[in-house]
Structure formats: C-alpha cells, structure tokens
> 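Structure in structure tokens, see below.
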Amino acid sequence: MSIQVYRDSWGIPHLRAGSALELAYAQGHNAATDRAWQLEVERHRSQGTTAAFLGAEAVGWDRFARQARLDDTARRCFAALDEETAAWVEAYTDGVGAGLAEAARRAPEFAATGLEPGRWRPWTPLGIWLSTHILFAGFPAKLWRDMVARTLGPDAVALFHTDGPVTSGSNGWLVTGERTATGAPVIAGDPHRFIEDPGVYQQIHLSCPEYDVVGLAVPGVPGIGHFGHTGTVAWGITNAMADYQDLYAERLRRTDEGVEALGPDGWRPAASHTETIEVRDGKPVEVEIVETERGPVVAGGPDADGGLPGPGGPAAISLRQPPRVRADLGFRALPRLLRARTVADVDAAFGLWAEPVNVVQAADTQGGLLHRVAGTVPLRHRDNMLGVVPAWEPGHEWQGRHEPLPRAHVAGGIAVMANERGLAAPLGVEFAPPHRAERIRQLLDMPVAWSAGDMPTVHTDTRIPPAGPLLGLLAALDGLGEDALRLRGRLLDWNRRMDAGSVDASAYAAVRSAVVRRLAAHPVLVPLAEPPALPEVFLPFVALLPRVAFALEHLLTAPLLPAADRAEAVRAAVEEVAADPPAAPWGERHRLAPWQALPDTDADTDADTDADTDADTDADMGPGARGNAGTGADAARLRADEWPGLPGDHDCVLSTSSVPGLTDRSARGPAARYAWDLARRDDSLWVVPFGASGVPGDPHRRDQLPLWLRGELIPVVTDFTRLTLTEEFHVQQS
C-alpha cells in the first residue's frame, strides 16, 4: 500500500492513494497525525470515559453517554453495515491506530493528563459521530416545554420557540448560473457550532483512482459528509431543525428478577446493569444503566422519587432515537458521496442519510440542482414532538419512517437555508427565527454577478433585525433622565450593525442584557428559574435566563407579561446603562470563548469584573453540549480577555452567539466557511477558525484565525503539482 501526503501553504492535508480502502487508511492515519489529542478525547466521549483523565467535571457527560448507550448503539450500527462500507470504515480505524502512538508523543496534552492512546475499534467513528450529534436536535428542549406548559400554560410554550443557546444551526445558500459571473452555480455557507479548539471540521483533499474530493471532514470520521466538492458536483447542508428523538415518562419498579417498566401492555422487563466511571483524582462513580422497550433511561431511575418534567412528574425519562431503533447512522451514504459525479448521485447518497436530519443543497456542472431534507424522521403522534409523553399510554408508538421527505425546486436563481421554518416545517417544532434567511435573500437579491470570491459579503453581514422590538419600546418611553435620553438618541440613530468596532453596538448589548435580567426576574417567569432535578447535561436546556435571552423578541411583543411591565423593564435597563455607558467597542466585550477539553489552570479565565460579560457560563452554555469549559493548554496560554474580539451576534448572518444577560463572550459561531465554485473547483474558497493542525506549537495550529476573524477565505488547491509532498509511506496490506 503506497500513500502520499501533500500539504499546501496552510498545512492542509492532500492525500493520495491507490484505492478507496488505501485512501480511507490514509485519512485515518492523517487524522491521528494532525489531531491525536482531539481524536482520543472524542473516542472517550463516545465511550463515557473522559473523567478518567479529565477529572470530576467530566462525570456528567460520561454518565449521560453510558446511560444513553452511545458506544453500544455505535457497535450495533457498525454490525448492520454492508460489507463494503464496513471494510471502508475499518480501514480508516486501522489508519488511526497505526498513527496514534507516534502522534501522541507530539501532543503535550497526553503527558499533562497521563492519558495513553487507546484501541480504536471498528465502530469508534460511528460512536464519535453519534456523540457529536446526540444533542444536535435539542431533544432536551421537550423538558423545557413541559416546564413552561405546566407553569404558564400551553399557550406560553410557543413564545420561547427559537434557536436556543445550546443548539446548532448553519447558513447555506445556492446561487444558480443565471446569477453568477461564470454562468455556473456557487454554493456557500457556514455551519454554526460550538467553536472548538482544535476545530470540529478539518479541511482535506482525498484522491484515488475512483474519486478526487475536497471538503470538510469531522476528525475521527471517514469521508466528507457535510460539505464537499468532487469537481463535477458540490454540496452543503444545514440543520433541518427536525424533531426525531422522543422522551418518554417512565414508571419503573424493582422485582426479584431486576427492573420492570410500565408500558401500554402492562409491566414489562427492562434491561439493567451497573457500570463504573473512573475519575481522575476522585472516587469511582457507579451508574445504573436501564433500558425499557422505548429506549435507554437518561434521567431518574427505579429508585427516584419523581418530580421530573412530564406527565405525573415521573421518576424516570427514557430516550428513543432512530439509530438505536434502526441500527443505522447513515454511514452507507459517506463512500457514495465521495464517488458522486452528479446531483442525482448526491441525491441517491443522501437517500441513505440518517443522523442528523439536514437540509441539503447541491449543484453540478451539468445544470443539476438539489434542495431537499435528508435523514430519518419517525412517524408518530404529534404529542411526541411537543414534550415528554407517557410510556404507559397507547398511541405514542412509532409507526415507521417519514417518507418522502420534503424537497423544493430552486426558483429565481437563489435558494437559502438557515434553520428557519420552511422546507422542514412539517418535521419539527422549534425553528430559528427567519431573520438570517431573510437577510441572506436580501443580500443575494442585489444586482450582482456573484462569484465565490464575493461570498464573504454575505458571510460577514452584521445587521441585527431583532433589535426592532426593544428599540421600539425605547422610542416610546417618556420621562427619561438626561443621560438616558442621550443614550436613547444614540441607539435610535444606530445603524443596527453589531460591528466589532462599534461602541453603539456595545451599548445596545448592555441595554438588552439588562432587559433580559429584569424580565427573567419578573414574578410571572420566576417559577421557571428553579430547574427540576435533572442530570447536568440537560441543565442548559432548562435554564431560564438563556431562554429569556433568545426569546426576547417574542417576550417584548406578546401579552404574556403586562405591557407596562415590559416598558418598565426597558426604562430601568436604559437608565442603568446610561449611568455608566460602555466605553469599549463591541469586539472588546464580545470575545471568542472556544471549547477545549483540557482547561488551562495557569490562565486567569475571569480577567474582567463586569458581571454582564464575566458571569460563569459553564452551566448555562452547556457542559454536555460543548459549552465553554475553560481556556485550554496551548503554547499561547490565552487568558479569557486575550481571546480575540468578534463582530456579529446571534441573529446576524455572522452568527457569533453569546447569552445576553449572562455573558457577552461567544462560544458558538461559524465553525467553517466555504464557497464552492462549479465553474472551476480551484476557484473555490474556505476557512476554519484555527488551522489545519491540532498540535500546540505547530505553525498551522492557528494560522487561519486572523483570516477567519476578518471574514476572509483562502483558496482551495487541488493541483498536486502546486503542493508539497511531505510524507510517503508503504503499508503491508493484511
């Protein structure tokens, strides 16, 4: 087996091998070389074994991963693969295993934690994919909806529907040849995720006699699933915001034989056993694993006293999700995408897609266009989508798979997808507000002959449409003090752009945060402030203040709170901020806060004292959902106030999310940007937040960060004569 590794000037790997299996091996070997620490963290996350080297703070995730049966589900899904796909995945894991030990010696995190590289099993990539996306559809939001319905009434639930603080989304758009300078389509976008260091996406070029593909790979997973360009066809995705995971209220009891669960047909045996979580510098933690006929129990248990969200305040809640039920994660689609030459090929590959459910856009050089939903959505009662349903009542069973999934024609030369209620509306409950999608369409409707190089104009737009309701209430106030009047005048004259250099954007954010805190303290909402006794991985989804922050537009216009109280909250907020208005521009408050597995204990992670910008965000930003876990061990050892400032805001096209009222720091944003050119692939462009390497001290660890901050893209290079051969090796085939 002969494998060649080339690099471009940004250190991006370009791999060439003699066959698809050899190339899969090469991709795994390269992932280990460039991202050894990241790969091992992800493997342990999928197994629920991170506390063994990260300590007690990781126990919450490990407990959830084990109770949700992530590793066992991955094993089942791998066992169900066809022989060709299974061999391809196994070639990748063989490559990882071959490169991991040597690569770990270059990564200081292993020595810092005492972690030794472990065994990669054939199903490990499936486990990584599952653990990365298990919370992607936000099923714990059903716990919040149940709390709101019980406390404020069912009509109040919709007021909090929005793209919440612990979900992930994306922007994506397709411009057809009639609107471009070349006469060929351009596909562009930016996936929004928690910003991780190293990054969740790896730029890569995979070449063998069967195919030649560039795209964004997930380290630890073979192929290129989300964003790719084969030369003749290109594709991109966004989160469809579909609902495909269900929560069941469970009644459990112990018997001489074990544990039983009450279902529609009476008491039935539940599988149960106990596992032990090893904890670095701490005592081992025992976890009981229970699985009913609905699915694994992820909250409560046979000995719990009840009080969880759901009918009757159940003692336990189980999770039902398609990969566990169908033993399918959609991995059969991955090698088929690499071989795609036309839109029809991409469409057929995504017909095998399962998890997560995405909206797909694709275009080819023959004029083919695609805009469809892909994935597995179960058919069941509408109540299953809205909240926790009783396991013991009939009518909540799954009835099969929702087919066909929605698709649309690309009309008018433009198609946009930004997690809004649209193509996937029949499949979900909560969607992103329409602001990003509407703004992208508005920008693309400009009389411009678009090219891939023009796409940063859209990527980096900072206009914030949902400022309207707050500024409208502010404009209507009377009796303000002199300082507040001056501040109001500034904000009403403000261009509504969250630019990094704008002091007015800082002032708006400060007023908004003050309003959020006051509304969250309103007597109507205070009963929601005390969450139920849920596992910590679910707490970000039921925290009141972030929910108020992201539903602010609704709460300021809906009758849930008295109009006078809403106006008074804005009045008090502007008077408060006017007494000490921000002098620093938005970029000094709105700093990057990436997730890193290994905290940097030598760094001062709380450098400022401003309560608005420096509140402890670990619980509310989501420890289980890739919330900020501290600034990590790196050669730079950046303090919290040394991470760079950012433009943008949650509902801008440049979506860099913080949690108003809690922190201005941004833990979520564009995890990559891309612009695929169908006229000539090497005119395509891309960028990631940090760089190609995950190794501290490597020159390509963070060399793309300055460009990412400025909204710039770097060229895609696929011509091997323009690349540097850095490694060539031969491997004995088994």
> If you define the side chain from C-beta out and look only at heavy atoms, does anything of Val89 sit under 4.5 Å from Pro122?
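Sidechains of Pro122 and Val89: no contact.
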> Within the 4.5 Å heavy-atom criterion, are Leu525 and Leu152 side-chain neighbours or not?
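In short, these two side chains touch, coming nearer than 4.5 Å.
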> With sequence neighbours left out, which residue pairs that include part of residues 251-266 fulfil the salt bridge (Lys or Arg N to Asp or Glu O under 4.0 Å) condition?
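Counting only pairs at least two positions apart or across chains, the salt bridge (Lys or Arg N to Asp or Glu O under 4.0 Å) contacts touching residues 251-266 are Arg253-Glu260, Arg254-Glu288, Arg254-Asp303.
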> Hey, what do you get for CD (Glu275) to OG1 (Thr49), rounding to the nearest 0.5 Å?
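Going from the CD atom of Glu275 to the OG1 atom of Thr49 covers 10.5 Å.
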> Quick one: does any side-chain atom of Asp146 pair with a main-chain N or O of Val388 as donor and acceptor, under 3.5 Å?
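Indeed, once roles are kept as given, a pair shorter than 3.5 Å links the two residues.
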> Could you check Cys77 against Leu130 for side chain to side chain contact (heavy atoms under 4.5 Å, CB included), going step by step and ending with a plain yes or no?
CA-CA 10 Å; Cys77 292; Leu130 184 59; over 6 Å; no
> Taking all atoms of both residues into account, what is the closest heavy-atom pair of Glu57 and Glu536, and its distance?
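Result for this residue pair: O-OE1, 4.4 Å.
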> A side-chain contact here means heavy atoms from C-beta on lying under 4.5 Å apart; do Glu355 and Thr376 qualify?
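When only atoms from C-beta onward are counted, Thr376 and Glu355 do not touch, as no gap falls below 4.5 Å.
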> May I ask you to decide if His396's main-chain N or O and Asn384's side chain share a donor-acceptor pair within less than 3.5 Å?
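Yes; judged by distance alone, with no hydrogens or angles, the pair exists.
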> Could you list the residues that satisfy side-chain contact (heavy atoms from CB on, under 4.5 Å) with Glu40, not counting sequence neighbours?
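Glu40 satisfies side-chain contact (heavy atoms from CB on, under 4.5 Å) with Arg43, His44, Leu100, Phe110, Leu115, Pro117, Trp120 once adjacent residues are dropped.
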> Between Thr292 and Glu250, is a side chain to side chain donor-acceptor pair (under 3.5 Å) present by the stated rule, with each step listed?
CA-CA 8 Å; Thr292 75; Glu250 297 278 4; 2.8 Å; yes
> Counting N and O atoms only, with roles assigned by atom type, does the side chain of Gln245 sit under 3.5 Å from a partner on the main chain of Pro140, one being a donor and the other an acceptor?
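Checking the backbone N and O of Pro140 against the side chain of Gln245, no donor-acceptor pair under 3.5 Å is found.
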> For Arg401, is there any backbone N or O sitting under 3.5 Å from a side-chain donor or acceptor partner on Trp398?
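Judged by distance alone, no pair lies under 3.5 Å.
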> Which pair of non-hydrogen atoms, one from Ala156 and one from Leu560, has the smallest distance, and what is that distance?
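That would be CB-CD1, 4.2 Å.
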> Does Glu403 have more than 12 heavy atoms from other residues, nucleotides or ligands lying within 6.0 Å of its CD?
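Yes, enclosed.
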> Going by the rule side chain to side chain donor-acceptor pair (under 3.5 Å), which residues pair with His402 if we only count those two or more places apart in sequence or in a different chain?
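If we apply the side chain to side chain donor-acceptor pair (under 3.5 Å) test to His402, skipping adjacent residues, there are no hits.
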> Is there a donor-acceptor pair closer than 3.5 Å between any side-chain N or O of Arg320 and the backbone N or O of Gly295?
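Looks like no, no N/O pair under 3.5 Å.
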> Between Phe538 and Phe64, is the ring centre distance below 6.0 Å?
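Yes; Phe64 has its ring centre under 6.0 Å from that of Phe538.
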> Strictly by modelled atom types, are Ser170 and Asn239 linked by a side-chain donor-acceptor pair under 3.5 Å?
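Looking only at side-chain atoms, Asn239 and Ser170 do not form any donor-acceptor pair under 3.5 Å.
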> Below 4.0 angstrom, N of the basic side chain to O of the carboxylate: do Glu420 and Arg436 qualify?
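Salt bridge between Glu420 and Arg436, a charged N being under 4.0 Å from a carboxylate O: no.
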> For the CG atom of Leu329 and the CH2 atom of Trp123, what is their distance to the nearest 0.5 Å?
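Spacing of CG (Leu329) from CH2 (Trp123) equals 14.0 Å.
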> Looking at His650 versus Phe550, is the centre-to-centre ring distance below 6.0 Å?
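Distance test on ring centres: under 6.0 Å, yes.
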> Are any of the side-chain heavy atoms of Leu561 and Leu556 separated by less than 4.5 Å?
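They are not in side-chain contact.
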> Does Thr85 reach the main-chain N or O of Leu81 with its side chain, forming a donor-acceptor pair under 3.5 Å?
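Absent.
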> Are His192 and Arg668 packed together at the side-chain level, in the sense that at least one heavy-atom pair is separated by less than 4.5 angstrom?
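They are in contact (side-chain heavy atoms under 4.5 Å apart), so the answer is yes.
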> Working to the nearest 0.5 angstrom, can you tell me the gap between Glu286 CD and Thr274 OG1?
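If I round to the nearest 0.5 Å, the distance is 6.0 Å.
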> For residues Pro198 and Arg35, report the shortest heavy-atom separation together with the two atoms involved.
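In terms of heavy atoms, the two residues are closest at CB-NH1, 3.9 Å.
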> Give me the atom names and distance for the closest heavy-atom approach of Ala425 to Phe431.
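Smallest heavy-atom distance, with atoms named: CA-CZ, 3.6 Å.
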> Among pairs that include at least one residue of residues 387-398, which meet salt bridge (Lys or Arg N to Asp or Glu O under 4.0 Å), considering only residues two or more places apart or in two chains?
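Not a single pair qualifies under salt bridge (Lys or Arg N to Asp or Glu O under 4.0 Å).
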> From Ser46 OG over to Ile134 CD1, what is the distance, rounded to the nearest 0.5 angstrom?
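Rounded to the nearest 0.5 Å, the OG-CD1 separation comes to 12.0 Å.
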> Whether the side chain of Tyr92 engages the backbone of Gly220 through a donor-acceptor N/O pair (distance < 3.5 Å, no angle test) should be reported.
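Looks like yes, one N/O pair under 3.5 Å.
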> I'd like to check the side chain to side chain donor-acceptor pair (under 3.5 Å) partners of Arg268; sequence neighbours left out, ordered by chain and number.
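Scan of Arg268 (side chain to side chain donor-acceptor pair (under 3.5 Å), adjacent residues dropped) gives Glu293.
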> Restricting to salt bridge (Lys or Arg N to Asp or Glu O under 4.0 Å), what partner residues turn up for Glu553, sequence neighbours left out?
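Expected list: none.
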> Tell me which one of Phe350, Phe136, Trp129 satisfies ring pair (Phe, Tyr, Trp, His ring centres under 6.0 Å) with His226.
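Output: one option passes, namely Trp129.
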> Pair Asp197, Trp595 - check side chain to side chain contact (heavy atoms under 4.5 Å, CB included), show working.
CA-CA 6 Å; Asp197 183 16; Trp595 185 89; over 6 Å; no
> Not counting sequence neighbours, which residues clear side-chain contact (heavy atoms from CB on, under 4.5 Å) with Asp243? List them please.
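side-chain contact (heavy atoms from CB on, under 4.5 Å) check on Asp243 returns Lys142, Arg145, Asp246, Arg380, Met385.
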> Taking all non-hydrogen atoms of both residues, which atom of Ala249 and which atom of Pro311 are closest, and how far apart?
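Heavy atoms only, the tightest pair is CB-CD, 3.8 Å.
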> Quick check: do Thr93 and Pro125 have side-chain heavy atoms less than 4.5 Å from each other?
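A side-chain contact exists here, since the closest heavy-atom pair is under 4.5 Å.
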> Of all residues at least two apart in sequence or in a different chain, which pass the salt bridge (Lys or Arg N to Asp or Glu O under 4.0 Å) check with Glu278?
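With neighbours one apart ignored, the set is empty.
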> Side chains of Gln47 and Asp71 only: does a donor on one sit below 3.5 Å from an acceptor on the other?
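No, no side-chain donor-acceptor contact under 3.5 Å.
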> Go through the structure and list residues passing side chain to side chain donor-acceptor pair (under 3.5 Å) with Thr238, not counting sequence neighbours.
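Partners of Thr238 under the side chain to side chain donor-acceptor pair (under 3.5 Å) test: none.
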> Test Ile317 against Tyr248 for side chain to side chain contact (heavy atoms under 4.5 Å, CB included), laying out the working first.
CA-CA 5 Å; Ile317 294 174; Tyr248 288 83; over 6 Å; no
> Residues two or more places apart in sequence or in another chain: which of them pass side-chain contact (heavy atoms from CB on, under 4.5 Å) with Ala304?
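Here the qualifying residues are Ala315.
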> So which heavy atom on Arg69 is nearest to which on Pro296, and how close?
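In this case the closest contact between Arg69 and Pro296 is CG-CG, 3.7 Å.
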> Under the side-chain contact (heavy atoms from CB on, under 4.5 Å) test, which residues partner Val542, sequence neighbours left out?
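Only Leu143, Trp144, Met147, Pro531, Leu534, Leu539 meet the side-chain contact (heavy atoms from CB on, under 4.5 Å) criterion with Val542.
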> For a 4.5 angstrom cut-off between non-hydrogen side-chain atoms, does Pro269 reach Val259?
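They are not in contact (no side-chain heavy atoms under 4.5 Å apart), so the answer is no.
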> Examine distances only and state if a side-chain atom of Asn358 and a backbone atom of Val360 form a donor-acceptor pair shorter than 3.5 Å.
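Not a single qualifying donor-acceptor pair exists.
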> What's the separation between atom CD1 in Ile277 and atom CG in Asp62, rounded to the nearest 0.5 Å?
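If I round to the nearest 0.5 Å, the distance is 5.0 Å.
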> Please check if the number of heavy atoms outside Asp82 that lie under 6.0 Å from its CG is greater than 12.
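Yes, CG of Asp82 has more than 12 neighbouring heavy atoms, counting only those of other groups under 6.0 Å.
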> State whether a side-chain donor-acceptor pair under 3.5 Å links Asp565 with His522.
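Yes, because at least one side-chain N or O of Asp565 sits under 3.5 Å from a partner of the opposite role on His522.
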> Within the 4.5 Å heavy-atom criterion, are Leu598 and Thr113 side-chain neighbours or not?
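They are in contact (side-chain heavy atoms under 4.5 Å apart), so the answer is yes.
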> Quick check: does any side chain N or O of Ser658 sit under 3.5 Å from a backbone N or O of Ser666, one acting as donor and the other as acceptor?
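No: the side chain of Ser658 does not pair with the backbone of Ser666.
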> Taking only residues two or more places apart in sequence or in another chain, which ones pass salt bridge (Lys or Arg N to Asp or Glu O under 4.0 Å) with Arg324?
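Arg324 satisfies salt bridge (Lys or Arg N to Asp or Glu O under 4.0 Å) with Asp72, Glu291 once adjacent residues are dropped.
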